Amino acid sequence: MPVKIETKDLTVSFGDVDAIKNVSMEIFTNRVTAIIGPSGCGKSTLIKSFNRMNDLVSNVKITGQVLLDGENIYGTNYDVVTLRKKVGMIFQKPNPFPKSIYDNVAYGPRIHGIHKKEILDKIVEENLKKAALWHEVSDRLNSSAMDLSGGQQQRLCIARALAVEPEVILMDEPCSALDPIATAKIEGLIRTLSRDYTIVVVTHNMQQAARVSDYTAFLYLGKLIEYGLTKDVFENPQNDLTEKYLTGKFG
Amino acid sequence: MKEFLIEKFLFASSIFSIIVVTLIFLLLFSQGILGFREISIIDFLFGQTWQPTSLVKAEFGTVPLVYGTAVVTSIAMAISVPVGIAIAVYIAEIANPIEKEILKPIVELLAGVPSVVYGFFALVTLATWIQQLTGTNSRLNALNGGLILAIMVIPTIVSLAEDAISSVPREYREGSMALGASKWETIKNVTVPSAAPGILAAVLLGFGRAVGETMAVLMATGNAAVVNFNILDSVRTMTATIVIETPEVAFGSLHYHALFGVALLLFLITFVFNYMAGVIMRRYGRTGR
Amino acid sequence: MNKKLLKQTIFFQIFRMTSALVILFLFVMIWTFISNGIGVISWTFLTDMPKRGMTEGGIFPAIVGTVYLTLGAIVFALPIGVASAIYLVEYAHEGRLVRIINSAIINLAGVPSIVYGLFGFGIFVVFLNFGTSILSGSLTLFIMILPTIVSASREALLGVPKSFREGSLALGATKWQTIRHMVLPYALPGILTGAILAVARAAGETAPIILTAVFFFRPSLPRSIMDGTMALASHIYYMATQHHAINLVRPLTYGSVLVLLSIVLSLNILAIVIRTRYRRRKNW
Amino acid sequence: MNRLLDTGLERLTAMLLQMGKVAEEAVRISIESFMTGVDVYERVEQLSDTLVRMNVDVEDKAFELIAKYQPVASDLRIIKSYIKISNDLERYGRYAWDISFIHKRLANFEKCEDPLAIIEEMGEKVISMVQVSIEALKTHNSELARKLIETENEVDALYFRHLDHSTEMPMSSRCLITNTLVVRYLERIADHATYIGESIIYIATGEKVVLR
């Protein structure tokens with residue numbers, strides 16, 4: 001199985017607090033990997049270290065390696081901008097820009113130097129289609145993204161991320177602000193997208209992890225407790241902590 | 001590279017404020033200190049007479065000026081603190097939305113009126129009212145200055161105190177009301193005490209503004225540098241002294257340095273009050289970032 | 001229970017009266033200036049030079065002087081103030097330096113305007129030898145309004161949700177691209193509001209310019225920034241207290257006050273309107 | 001911490017243990033009556049019917065828990081296994097009924113002496129297996145469950161011995177059929193006991209073992 005991202009002894013600390021401790025794991029190409037664990041276990045920190053969004057926090061310290069296609073993204077010559085183009089991210093709360101639907105999707109390509117109207121038109125349509133939003137908004141591309149429903153906004157954010165042609169998509173609890181129907185749509189989308197993209201989903205919803213992912217990692221207090229095929233982890237977890245977490249017997 | 005240059009420019013800009021504060025202090029200090037080669041600090045701080053231009057014997061006692069500032073400021077604070085807090089409470093807690101929509105901008109406009117305009121109003125109108133009411137001889141006096149200053153300080157206190165009161169969490173209020181307290185009891189016992197640090201900061205900043213206010217008191221108080229302990233007598237504040245005397249002073253003279261000494265004193269007083277307000281605000285929410 | 005409510009009603013009414021009184025004061029004051037000043041306001045009053053020892057004619061040089069001084073101040077203060085705010089909000093990491101910068105800004109905001117005046121006098125007029133000039137006055141006013149601009153810009157920048165920045169950065173935008181496209185446009189109304197208020201404040205300031213930029217009377221318009229000038233605020237002060245025929249010029253003084261007040265209050269109202277509209281339109 | 005699911009699981013366990021009791025009685029009395037010649041057909045039929053009903057109840061309860069709580073890990077393994085075990089217990093009842101039916105229909109006239117020794121030995125072992133399986137179920141004891149394999153092997157050996165024996169010995173066809181069917185039913189009961197053992201090992205360890 002080809003590996004897309006590999007972490008080696010990754011430790012992320014904020015001040016004196018280690019949010020991630022010596023995590024080593026492999027994330028496989030074109031698979032959906034779910035990261036689960038109790039609140040504050042470091043799930044978000046872990047995926048934010050895959051596109052170096054942790055760099056935005058002032059007192060962060062990162063040791064170990066994160067390899068993307070075998071290259072250390074924390075290496076001295078690695079360009080963060082290129083990294084973030086390759087590794088897109090979807091956030092917990094849908095965060096469309098207060099611009100039109102069209103401009104939201106076109107934002108990334110424009111930033112990266114595409115300004116031709118025809119090309120942008122094509123990119124917008126293509127990616128709205130990929131995000132299963134096109135038929136809902138094709139007649140009002142110029143209206144504000146803020147008028148969309150929460151679920152539509154999140155799919156717009158997915159389209160926006162797809163528009164810069166990423167290879168990996170990180171999703172940080174992408175459905176936590178959505179109702180069950182919108183959630184189901186996003187989950188379906190995640191499965192569809194996994195044909196072409198490597199997807200890492202952080203979720204506090206175990207059932208969601210079970211539904212959408214091929215692999216599941218269980219994180220507790222910054223440590224990787226268990227990682228394996230989702231069906232194995234959910235049917236027969238090897239670690240007692242995982243068992244307790246999954247069955248809700250956590251003290 | 002471009003990113004790097006931009007960051008450096010932004011950094012330099014933000015350093016500018018530090019440089020300016022330092023420069024202000026250094027200038028006031030260096031120029032003021034020169035005066036103390038000839039004037040003793042004791043005489044400067046405790047001298048009863050301010051006669052910098054006397055040909056017989058120039059005296060640089062700041063007591064009359066400090067007294068003037070103190071009297072005017074005290075009158076102003078005695079009025080503006082209760083009134084300001086009352087209005088802040090009214091806006092934050094009592095007023096209906098329409099009253100709020102009217103009151104808030106008006107308070108802001110009150111803050112926007114230039115001090116020379118207030119000064120002129122005090123000079124021509126307020127002074128007349130006071131004279132009619134009290135029959136005093138000196139039209140321009142400490143009470144006149146204090147009253148106009150009170151009006152000028154009110155907006156500062158209102159807007160900061162209102163911020164403080166409004167940022168008291170809803171839950172506190174709901175908790176109190178849920179226990180059967182009336183709105184007034186809630187305001188008195190829960191909301192205002194919770195906002196006390198912010199209100200105190202507002203008062204301190206108001207005080208700083210009052211002490212440093214120049215034009216209005218200059219035009220309203222009559223500017224006689226004497227200590228009379230009568231609020232219906234004319235007084236002269238530190239700020240007024242600087243404005244009146246600086247344009248005519250001989251550069252480098254003892255008088256020149258003495259004026260910087262007065263400014264330094266003023267700077268230090270306002271610095272202390274602003275600093276205290278800052279500490280209070282930082283400690284109790286409303287972070288300084 | 002009824003006693004409780006009665007007490008509440010009494011207090012609320014006292015508070016309401018107090019508030020009403022302050023509103024009343026503002027209106028009385030404005031009415032005083034309108035009723036006394038409207039008579040002298042005319043096109044010639046606004047566009048003529050003062051005549052006969054300022055007992056007749058207009059206040060054109062004073063208006064022009066105020067505009068120059070204010071523009072000069074904002075031209076310096078806006079870029080440096082906004083840049084400073086951007087650095088503090090977007091780049092600086094919390095630490096000693098930021099704390100020092102912050103306390104410097106807080107202290108600058110609290111320095112009495114007369115101290116700025118004396119500072120400008122000492123540095124620009126005397127030390128740098130700019131003399132009593134528009135340049136000295138503008139620079140003094142610039143330093144005076146800088147903290148206002150920094151604080152307003154900082155509030156405006158902080159008001160832009162973090163998610164905009166994250167969203168943009170996650171798409172591979174650089175920091176500056178993010179600031180330019182996703183932060184500044186949305187902070188602009190707030191920055192603008194702050195700038196307008198700062199301009200209003202600079203236009204109304206008197207003490208600093210008396211020490212650095214203005215003359216009691218200057219019969220011609222300034223020709224360069226090294227020239228001294230007249231200005232509305234100082235003109236009012238001089239006419240009200242220093243003129244040899246105070247009573248004769250009183251109507252003109254009222255007129256000048258009305259002009260200054262209209263300019264300053266219009267700017268304030270403009271700022272309030274911009275802010276309200278922007279708050280209402282804001283949909284994030 | 002008591003989870004909502006726990007109450008449901010306790011209820012399910014109680015139902016299963018109740019089934020165990022009934023099934024054990026059915027197996028025991030059907031075998032004993034075959035040996036002693038007493039007719040317990042009515043009683044066993046009653047017990048078997050009860051088990052059929054209870055099996056349906058257990059399945060309903062299990063599905064209710066799945067629908068409500070979406071259990072995972074050990075919870076899911078327990079529920080999945082309980083459905084299977086309930087089925088096994090139902091089979092205990094069914095084969096017990098088969099034995100008592102054969103006994104009533106064919107064997108109650110006279111005894112077919114010869115292979116009785118084998119049947120008696122098998123019967124004892126099968127009853128013990130049923131008891132052990134239920135005991136292991138009570139405590140989710142995988143060690144106990146593993147012991148079933150030994151007895152199962154012995155039962156199988158006896159079964160084969162009977163097959164060899166019956167072809168060699170001259171016997172009335174009535175006896176041959178009766179004994180062969182009963183031996184076959186006993187062998188099936190032992191198989192189901194083993195299945196229960198497998199399920200218990202799966203519950204306890206997540207291991208999917210085949211004990212046969």
Side-chain angles (χ1 to χ4, degrees), chain A residues 15 44 47-48 50-60 79-99 103-113 144-148 153 156-166 168-172 177, chain C residues 84-102 154-193 274-284:
Chain A
S44 289
I47 65 161
K48 281 181 178 170
F50 294 164
N51 66 344
R52 293 186 57 172
M53 285 300 265
N54 284 327
D55 294 15
L56 303 184
V57 185
S58 53
N59 57 350
V60 70
D79 179 23
V80 186
V81 168
T82 322
L83 169 69
R84 293 191 186 141
K85 252 186 93 172
K86 272 197 207 167
V87 183
M89 185 160 198
I90 306 298
F91 297 85
Q92 188 166 358
K93 213 171 143 254
N95 64 340
F97 301 141
K99 300 168 179 281
D103 286 341
N104 262 278
V105 184
Y107 180 84
R110 279 181 180 141
I111 286 288
H112 297 299
S144 169
M146 309 311 273
D147 299 338
L148 297 175
Q153 288 188 358
L156 177 65
C157 291
I158 292 174
R160 188 176 72 188
L162 296 179
V164 294
E165 298 175 351
V168 179
I169 305 172
L170 308 174
M171 300 188 172
D172 190 357
Chain C
S84 171
I86 293 177
Y87 182 80
L88 288 174
V89 175
E90 309 289 339
Y91 287 86
H93 295 305
E94 240 142 297
R96 234 178 121 78
L97 185 67
V98 172
R99 273 208 307 283
I100 295 175
I101 296 175
N102 273 328
R154 192 167 49 179
E155 290 297 317
L157 292 169
L158 287 174
V160 178
K162 214 174 120 202
S163 64
F164 289 15
R165 297 177 180 87
E166 287 180 337
S168 173
L169 289 173
L171 291 170
T174 64
K175 189 146 196 162
W176 179 244
Q177 280 175 327
T178 300
I179 292 170
R180 241 195 54 172
H181 296 289
M182 282 325 301
V183 180
L184 278 184
Y186 302 99
L188 201 60
I191 294 174
L192 208 61
T193 310
I274 291 180
R275 195 182 46 208
T276 323
R277 284 191 49 182
Y278 146 78
R279 280 211 184 126
R280 207 164 288 159
R281 277 229 317 267
K282 187 163 121 169
N283 55 357
W284 60 79

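Keep in mind that what you see is a predicted model, and the values were worked out from it rather than measured. All chains are named by letter (A, B, ...) in the order of the sequence lines, taking the proteins before the strands, and each is independently numbered beginning at 1.
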Engineer: Indicate the atoms forming the closest heavy-atom contact of C:Gly167 with A:Phe97, along with that distance.
Structural biologist: C-CZ, 3.7 Å
Engineer: Rounded to the nearest 0.5 Å, how far apart are NE2 of C:His181 and CG of A:Asp103?
Structural biologist: 12.0 Å
Engineer: Search all heavy atoms of A:Pro96 against all heavy atoms of C:Phe164 and return the closest pair with its distance.
Structural biologist: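 For A:Pro96 and C:Phe164, the tightest heavy-atom pair comes out as O-CE1, 4.2 Å.
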Engineer: What part of A:Arg160 gets within 4.5 angstrom of chain C, counting heavy atoms only: side chain, backbone, both, or neither?
Structural biologist: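 Answer is both: backbone and side chain atoms of A:Arg160 are under 4.5 Å from chain C.
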Engineer: What part of A:Val87 gets closer than 4.5 Å to chain C, counting heavy atoms only: side chain, backbone, both or neither?
Structural biologist: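 A:Val87 touches chain C through backbone heavy atoms alone.
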Engineer: Would the number of heavy atoms belonging to other residues, nucleotides or ligands and lying under 6.0 Å from CD of A:Gln92 be above 12?
Structural biologist: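 Buried by this count: over 12 neighbours within 6.0 Å.
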Engineer: Please report the interatomic distance OH(A:Tyr107) to CE(C:Met182), rounded to the nearest 0.5 Å.
Structural biologist: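 If I round to the nearest 0.5 Å, the distance is 6.0 Å.
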Engineer: For the residue pair A:His112 and C:Gln177, establish whether any side-chain heavy-atom pair is separated by less than 4.5 Å.
Structural biologist: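 Of all side-chain heavy-atom pairs linking C:Gln177 with A:His112, none is under 4.5 Å.
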Engineer: Rounded to the nearest 0.5 Å, how far does CG of C:Leu169 lie from CZ of A:Arg52?
Structural biologist: 12.5 Å
Engineer: So for A:Val164, is it side chain, backbone, both, or neither that comes closer than 4.5 Å to the heavy atoms of chain C?
Structural biologist: side chain
Engineer: Sort A:Pro166 into side chain, backbone, both or neither according to what part of it lies under 4.5 angstrom from a heavy atom of chain C.
Structural biologist: neither
Engineer: Looking only at heavy atoms, which two atoms of A:Val81 and C:Gly172 are closest? And how far apart?
Structural biologist: CG1-O, 2.9 Å
Engineer: Given A:Asn95, which partner from the list C:Ser163, C:Pro161, C:Ser168 fulfils the side chain to side chain contact (heavy atoms under 4.5 Å, CB included) test?
Structural biologist: C:Ser163
Engineer: Just so I understand: if I count every heavy-atom pair under 4.5 Å between each of A:Lys86, A:Lys99, A:Met89 and chain C, which residue has the most?
Structural biologist: A:Lys99
